[in-house]
Amino acid sequence: MEREFDLIVIGAGPGGYVAAIKAAKLGMRVAVLENREPGGTCLNRGCIPAKAMLHASGLYREMKEAERFGIFAENVSFDYGKILAYKEATSAQLREGVAQLIKANGAELIYGTGTIVSKGVVKAVTKDGEELLKAKNILIATGSRPLRLPIPGIELPGVVTSDELFQLTEAPERLLIIGGGVIGVEFATVFSALGTKVTIVEALPRILANLDKDFAQNLKLILKKRGVEIVTGARVKSLSAAETGGAGGLVCTFEEKEEEKQVSAQYVLSAVGRVPETAGLFGEGFSLSMERGRILVDENYQTSEEGIYAIGDVTGGIQLAHAASAQGVVVAESLAGHMPSVRTDLVPSCVYTEPEIASIGINEGEAKEQGIEVSCGKFMMGANGKSLISKEERGFIKVIADAKTGRVLGAQMMCARATDMIGEFGTAIANELTVGDMLLAMRAHPTYNEAVGEALEELAGGSIHSMPRKK
Ligand code: NAD
């Protein structure tokens, strides 16, 4: 059997399913192939389950610390199995929602593996057999999988990636995390809250190396206070099984300042990045231009083959769900002859630690590197009423603006609700607003959002609730 569509999407993660729905809304006949679960890594093994675990573990920590609000809760405890069930139910609800949305918009969700046989032809292998699908355009959105370090001992039982960590049926007593990137610090937040003794070993001189250095310094102190041991500038060399077994069943050997050291743990989480997923994607004799495993695309997300597009993690670069979704929307719009409705070059970065971290546009260091003269307004959350009420006063909001024009170029936040509030700066930067434009809007009191206004005021003569700077 052979069927024809306007667009075949391979992969129903946040890139693929969003592109499929958008294309269907714009009148295209769309098929979307998925060989695992709709929603991809984000809904099933990434953002959503991680944030569910952060929510549950954060609640447990808050309950234990509730005395400072005059609330006493005795014998506070958790049932790890029930946390997992809540996490799974959340993913399942969203996953079903995605499948229903695809269908309701008139696109066809095919549960099977898609292989590009030739330009415009995809072989779909499902539980019912094989089928050839044809379309003028194909969109690859197959995502990524965790990278496994090529070091001795990486295959030992108890050495896991984020995929398997979600499946553990118990909270580890001791967890060693290789990599102090986003996954590393988010899981350190979850498990330290649940009482696990966590150690992070990071190769670079600081954790969260891709973000503003103020974040790393503050987060390191906060995590240390919660009992997390953080070793930076340390390269992991090998993993081995300890003779004793039990909670210290694995031994990690790493080199720090040219000295060999060892830490033991019950489980080791390898969180050292993700690699593009292209397994089974190309039929015999068919290929696309690739570089170090990623599919190369031009500014319109077209691959080396006309009519074949690729978005999201499989193209390397910024591996974030919302970036993939935005790219999917833009590809669907361009295929339908529309102008892009979203800027794909302006991507917010969010880390769901406690406090949250969020950033968009450029930071001070990047401005300096790029030779842009900027001014910077910083407001400390210790002077924000809502933060004092909830005792979340540690943190800051920083705004970067062009020194001459006042145009807002970037923002970095480390505070409660940072991941929600960063959107205000996304809107401002995308619309080329100035500090003055942003200050025109009154902000409600008492809110965390008032601190955005105060950071902006710092750039416009000084904020009301900061001590005046010495002249
Ligand atoms: P990452 O690139 O953010 O961090 C990996 C870290 O591992 C780096 O700091 C690197 O220096 C370190 N590392 C590499 N080799 C090492 C070694 N041998 N020893 C010690 N350290 C080593 O990758 P990640 O944390 O695995 O996340 C993967 C992707 O998923 C990223 O693109 C991330 O942005 C994305 N993600 C995003 C979110 C979010 O937006 N909240 C959450 C989770 C994951």
Side-chain angles (χ1 to χ4, degrees), residues 47 181-182 185 206-219 299 311-312 315-327 329-330 340-353 355-381 384 395-441 443 448-460 463:
C47 325
V182 190
V185 298
R206 61 179 156 99
I207 55 170
L208 292 182
N210 292 336
L211 294 170
D212 194 282
K213 64 175 178 348
D214 278 5
F215 293 143
Q217 280 164 1
N218 279 288
L219 187 64
E299 65 281 8
I311 53 167
T315 62
I318 300 172
Q319 295 175 313
L320 295 174
H322 46 271
S325 298
Q327 292 166 10
V329 166
V330 167
S341 62
V342 54
R343 265 179 63 175
T344 52
D345 60 326
L346 193 60
V347 184
S349 289
C350 297
V351 191
Y352 295 79
T353 42
E356 293 181 342
I357 289 171
S359 119
I360 192 160
I362 58 169
N363 62 31
E364 256 181 312
E366 286 160 344
K368 209 170 170 185
E369 274 165 35
Q370 293 170 30
I372 306 169
E373 208 188 312
V374 292
S375 34
C376 169
K378 187 172 182 178
F379 184 74
M380 303 306 290
M381 298 309 277
N384 171 259
F396 60 88
I397 296 182
K398 239 199 291 188
V399 187
I400 313 293
D402 186 292
K404 288 195 192 85
T405 63
R407 242 179 75 186
V408 178
L409 300 177
Q412 295 83 45
M413 309 178 161
M414 184 170 193
C415 57
R417 307 280 191 277
T419 62
D420 294 306
M421 293 198 294
I422 200 70
E424 184 174 356
F425 286 102
T427 306
I429 300 170
N431 290 289
E432 304 185 357
L433 300 188
T434 63
V435 169
D437 294 332
M438 285 189 79
L439 277 171
L440 281 176
R443 290 173 176 81
Y448 298 111
N449 188 242
E450 281 175 291
V452 168
E454 304 255 16
L456 290 162
E457 282 170 1
E458 278 290 293
L459 285 167
S463 89

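The basis for the numbers below is simple: all heavy atoms, side chains too, and nothing from hydrogens, waters or symmetry mates.
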Between E424 and N449, is a side chain to side chain donor-acceptor pair (under 3.5 Å) present by the stated rule, with each step listed?
CA-CA 9 Å; E424 184 174 356; N449 188 242; 3.0 Å; yes
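- Atom CG of residue L219 and atom OG1 of residue T353 lie 5.0 Å apart, to the nearest 0.5 angstrom.
- Between the side chain of Q327 and the main chain of G312, a donor-acceptor pair closer than 3.5 Å is present.
- Considering all non-hydrogen atoms of both residues, P355 and A416 come closest at CB-N, 4.3 Å.
- Annotation for A323 and V347: closest pair CB-CG1, 4.1 Å, computed over non-hydrogen atoms.
- E432 has its side chain out of reach of D437: every pair of non-hydrogen atoms, C-beta onward, lies at least 4.5 Å apart.
- Closest approach of A411 and I422 over heavy atoms only: O-CD1, 3.9 Å.
- Every side-chain hydrogen bond (donor to acceptor under 3.5 Å, both in side chains) that T419 has, sequence neighbours left out, goes to E356.
- Between F215 and S359, the shortest heavy-atom contact is CE1-CB, 4.0 Å.
- R343 has a carboxylate O that lies under 4.0 Å from a charged side-chain N of D345, or vice versa, which qualifies the two as a salt bridge.
- If you take CD on E450 and CZ on R443, they are separated by 10.0 Å, rounding to the nearest 0.5 Å.
- No donor-acceptor distance shorter than 3.5 angstrom exists from the side chain of R417 to the backbone of C415, with no hydrogens or angles considered.
- Considering every non-hydrogen atom in both G406 and A401, the closest pair reads O-CB, 3.9 Å.
- Put simply, the side chain of Q217 never gets that close to the backbone of D214: no donor and acceptor are under 3.5 Å apart.
- Pairing each heavy atom of A460 with each of L439, the nearest pair is CB-CD1, 3.8 Å.
- Atoms SG and CG, on C376 and L459 in that order, are 7.0 Å from each other to the nearest 0.5 Å.
- Under the 3.5 Å distance criterion, the side-chain polar atoms of N431 are left unmatched by any main-chain donor or acceptor of L433.
- Environment of CD in Q370: crowded, with over 12 heavy atoms of neighbouring residues, nucleotides or ligands closer than 6.0 Å.
- Counting only heavy atoms from C-beta outward, the side chains of I397 and M421 approach each other to under 4.5 Å.
- V408 is listed as a side-chain neighbour of V435, based on a closest heavy-atom distance under 4.5 Å.
- Qualifying salt bridge (charged side-chain N to carboxylate O under 4.0 Å, His left out) partners for E458, counting only residues two or more places apart in sequence or in other chains: R469.
- In this structure, CG on D212 lies 7.5 Å from CD on E364, to the nearest 0.5 angstrom.
- Atom CD1 in I429 sits 8.0 Å away from atom CE in M438 (nearest 0.5 Å).
- Atom OH of Y448 and atom CG of D420 lie 11.0 Å apart (nearest 0.5 Å).
- Under the 4.5 Å side-chain criterion, counting only non-hydrogen atoms from C-beta, L346 is in contact with I360.
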